[in-house]
Structures are given as structure tokens and as C-alpha cells.
Asker: 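Have a look at this one.
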Amino acid sequence: MPDVGPTAVLPRRPLTVGELLDSAVLLLRGQARLLVPLAVLLALAEQALLHPLRVLADARPPAYWLDPDRLGWFWLLLALGAGAEALIIALLGNPAARGAGAALLGRRAGPRELLRPGGARWGATLLAAAGVGLAVSLAGLTGPAWFVAYGLLGAVVPALVVDRLPGYRAPGRALTLAFRAGGRAAGIRLLGYLGWWLIRLGIGLGVYHGLGLLGLFDLDAYALPVATAAWVAVNALAYPALACLDAVLHLETRMRTEGLDIRLSRAPAGTPEPVLLAVQR
């Protein structure tokens with residue numbers, strides 16, 4: 001029998017919000033050897049992508065705050081930054097969702113299993129992640145619509161790799177799950193993002209200004225590399241954590257609204273995985 005006690009990564013029952021956040025952290029701890037290095041590479045690429053726009057917007061490290069005379073460039077920077085974050089979280093959602101699926105079935109998926117290309121659906125994931133990033137960027141250009149787009153699209157990649165849906169059906173599946181139970185999944189996803197945004201802001205700025213207080217070197221001369229290193233470090237933890245939240249939230253929503261936990265408990269021995277993949281129409 002799989003471990004369904006308080007230390008289980010994902011207990012087979014509907015969870016409270018606090019339990020969901022705990023499950024996401026437990027999943028990240030179990031998959032950190034894979035998710036964190038991947039996140040470091042993706043976060044570095046994000047910083048390189050955003051740097052030219054930051055120069056055009058005159059957004060300077062470490063806070064990259066608004067210059068009122070370049071509001072247009074800064075608005076574009078915010079929108080593309082939001083899209084880049086959503087794309088990275090979606091990409092990390094592939095191994096995170098497969099790890100969560102394995103945890104629900106009572107086993108732990110190692111890095112070799114999660115890196116194995118067979119059945120990973122990386123091609124579909126890349127397309128889906130690009131679509132999610134584009135949608136969030138476009139929504140970001142309108143301002144408040146970013147919250148709607150980010151909240152609703154968290155289950156796109158889990159629907160691909162756990163539910164094994166065709167790529168064209170994954171967005172619809174994500175929207176369906178996000179709206180269930182009064183939009184509970186969308187709200188929790190936004191809550192998780194807000195929490196990690198505050199953590200990122202505190203640590204990222206704190207590390208930068210803390211080094212300045214130490215006076216070990218001329219911080220102004222090294223502002224860009226120091227700020228880049230600080231933001232990459234904190235994002236390398238935040239992005240996998242948010243991907244893990246998407247993964248456990250997807251499976252928990254299925255348990256809460258589709259009875260996945262009940263169907264798994266009633267599955268004959270040796271058949272839990274087909275039950276996990278059996279999406280309720």
C-alpha cells in the first residue's frame with residue numbers, strides 16, 4: 001500500500017490549501033536534483049532575454065524599477081517577463097507532473113526516469129509551454145488580465161503528461177479544472193505565485209543590499225552580475241516550487257472533483273496507472 005500518512009508527498013484524498021502547499025514543497029524536495037539545475041539554466045536564459053528590454057526601459061538592477069519617461073518599454077518588459085516566467089514554469093511542469101503522478105501511485109520517480117525521453121512528451125510540452133507563455137504575455141499587455149491567464153493555465157502541461165491528452169485538448173482540460181469548485185484551483189495557483197513573489201523579492205533584494213552593507217567590493221561596479229546571480233538563485237527555487245504546485249494541484253483537483261482517489265483505491269492490483277490516465281469525460 002502507498003504511504004498516505006501525513007508525510008506522503010501527495011495523500012490520496014482532497015487536501016486543504018496548506019496541505020497542497022506542503023505537498024508541493026515535499027515534491028520539490030524529492031525532485032530537487034533534477035528540477036533545480038534545470039531551473040538554473042532556464043532562469044539564466046530568462047535574464048539574458050530580458051536584459052536588452054531592461055536597457056531600453058532604463059530599468060536598473062537590482063529592482064529594475066520603472067522610469068516614468070520610458071513607460072512603454074517598461075510595460076512591454078513586464079508583459080514579456082510574465083510570459084517568460086509562465087513558460088519556464090510550464091517546462092518544469094513536465095518532470096514535476098510525472099514525479100507527482102508517480103508519488104500518487106506510491107513510488108518515487110528518480111532523475112533517470114524523469115529524464116528518459118520515452119513517454120515524456122517533450123515535443124508537445126515545448127509547444128504547450130510556448131503557447132502558455134504567449135498567452136500570458138498577451139494578457140500581461142492588458143494589465144489585470146495577466147491574473148486571469150496565469151490562474152487558468154496551470155494544468156496545461158499536467159494534462160499532457162499525466163492525463164496523456166492530445167495537445168489540442170490540454171488547454172480546454174486546464175480551463176475546465178481551473179473553473180471547478182468555484183475557481184478553487186485558479187485561486188490557489190495565484191496564491192502560490194503571490195507567496196513566492198514576496199519570497200523572491202525579499203531574498204533577491206536582501207542578498208544584493210546585504211552584500212552592499214558588507215563593503216567587500218564596489219557594488220555599483222558589479223551591480224548587473226550580482227543582481228543577476230541573486231535573481232537566478234532565488235528563481236531557481238521559486239520556479240520549480242510553482243511547477244510542483246501545479247502538479248499536485250492538478251491531481252488534487254481530480255481527486256476532489258472526479259473521485260480519482262476513490263477509483264485508485266478500488267483499482268485491481270497492478271492497474272493503478274491506467275486508472276490515473278483515465279480522464280473522466
Side-chain angles (χ1 to χ4, degrees), residues 24 28 31 34-54 57 59 64 75-100 114-115 120-143 145-162 165 167-175 177-178 185-186 189-190 192-194 196-197 200 204 228 231-247 249-250:
L28 175 58
Q31 305 298 338
L34 174 63
L35 292 179
V36 172
L38 285 177
V40 169
L41 295 177
L42 293 170
L44 277 171
E46 177 194 25
Q47 294 296 313
L49 173 69
L50 296 180
H51 179 69
L53 274 177
R54 287 168 173 166
Y64 299 107
W75 196 266
L76 181 61
L77 171 64
L78 289 180
L80 290 182
E85 288 183 344
L87 185 149
I88 291 171
I89 294 167
L91 289 175
L92 294 172
N94 181 301
R98 287 186 287 131
L114 297 182
L115 287 173
R121 307 196 70 187
W122 276 111
T125 298
L126 288 171
L127 291 175
V132 169
L134 178 61
V136 172
S137 287
L138 292 176
L141 290 174
T142 70
W146 171 89
F147 294 98
V148 178
Y150 183 84
L152 295 179
L153 296 175
V156 172
V157 171
L160 278 174
V161 301
V162 176
L165 290 179
Y168 69 90
R169 287 189 55 197
R173 171 72 166 163
L175 293 174
L177 292 175
R189 191 176 196 232
L190 286 170
Y193 182 90
L194 176 61
W196 275 103
W197 180 78
R200 291 157 61 194
T228 298
W231 289 120
V232 167
V234 70
N235 287 340
L237 291 177
Y239 291 159
L242 292 170
C244 289
L245 177 60
D246 287 343
L249 184 57
H250 173 74

Asker: Can you name the residues that form a side chain to side chain contact (heavy atoms under 4.5 Å, CB included) with Leu138, not counting sequence neighbours?
Answerer: Leu134, Leu141

Asker: Search all heavy atoms of Ala243 against all heavy atoms of Gly93 and return the closest pair with its distance.
Answerer: CB-N, 3.8 Å

Asker: Nearest 0.5 Å, what's the CZ-CZ distance between Arg98 and Arg121?
Answerer: 11.5 Å

Asker: Listed by chain and number, what are the salt bridge (charged side-chain N to carboxylate O under 4.0 Å, His left out) partners of Arg189, not counting sequence neighbours?
Answerer: Asp246

Asker: What distance do Leu80 atom CG and Leu50 atom CG have between them, rounded to the nearest 0.5 Å?
Answerer: 7.5 Å

Asker: Is it true that a side-chain atom of Ser137 and a backbone atom of Ala79 form a donor plus acceptor pair closer than 3.5 Å?
Answerer: yes

Asker: How many angstroms lie between atom CG of Leu78 and atom CG of Leu53, to the nearest 0.5 angstrom?
Answerer: 10.5 Å

Asker: Using every non-hydrogen atom in the two residues, find where Ala43 and Asn235 come nearest and quote the distance to one decimal.
Answerer: CB-CB, 4.2 Å

Asker: With a 4.5 Å heavy-atom cut-off, do Val161 and Thr125 have their side chains touching?
Answerer: yes

Asker: Distance-only check: which donor-acceptor pairs under 3.5 Å involve side-chain atoms of residues 147-156, not counting sequence neighbours?
Answerer:
none

Asker: Using the test side chain to side chain contact (heavy atoms under 4.5 Å, CB included), find all partners of Ala233 that sit at least two apart in sequence or belong to another chain.
Answerer: none

Asker: List the atom of Trp146, the atom of Leu190, and the distance in Å for their closest heavy-atom pair.
Answerer: CZ3-CD2, 4.3 Å

Asker: Who passes side chain to side chain contact (heavy atoms under 4.5 Å, CB included) against Pro158, sequence neighbours left out?
Answerer: Ala97, His250

Asker: Return the minimal non-hydrogen interatomic distance between Cys244 and Leu35, and the atom names on each side.
Answerer: SG-CD1, 3.6 Å

Asker: Within this structure, what is the OG1-CH2 distance for the pair Thr142 and Trp75, rounded to the nearest 0.5 Å?
Answerer: 8.0 Å

Asker: Against Pro240, only a single residue in Val40, Leu92, Leu245 fulfils side-chain contact (heavy atoms from CB on, under 4.5 Å); can you say which?
Answerer: Leu92

Asker: List the atom pairs, with distances to 0.1 Å, where a side-chain N or O of residues 81-91 and a protein N or O form a donor-acceptor pair under 3.5 Å, not counting sequence neighbours.
Answerer:
unit_1, atom_1, unit_2, atom_2, d
Glu85, OE1, Tyr193, OH, 2.5
Glu85, OE2, Arg200, NH2, 2.4
Glu85, OE2, Tyr239, OH, 3.4

Asker: Can you name the residues that form a side chain to side chain donor-acceptor pair (under 3.5 Å) with Thr228, not counting sequence neighbours?
Answerer: none

Asker: Give me the atom names and distance for the closest heavy-atom approach of Ala39 to Ala236.
Answerer: CB-O, 3.6 Å

Asker: Looking only at heavy atoms, which two atoms of Trp122 and Pro95 are closest? And how far apart?
Answerer: CH2-CD, 3.7 Å

Asker: So which pairs with a foot in residues 36-49 pass salt bridge (Lys or Arg N to Asp or Glu O under 4.0 Å), sequence neighbours left out?
Answerer: none

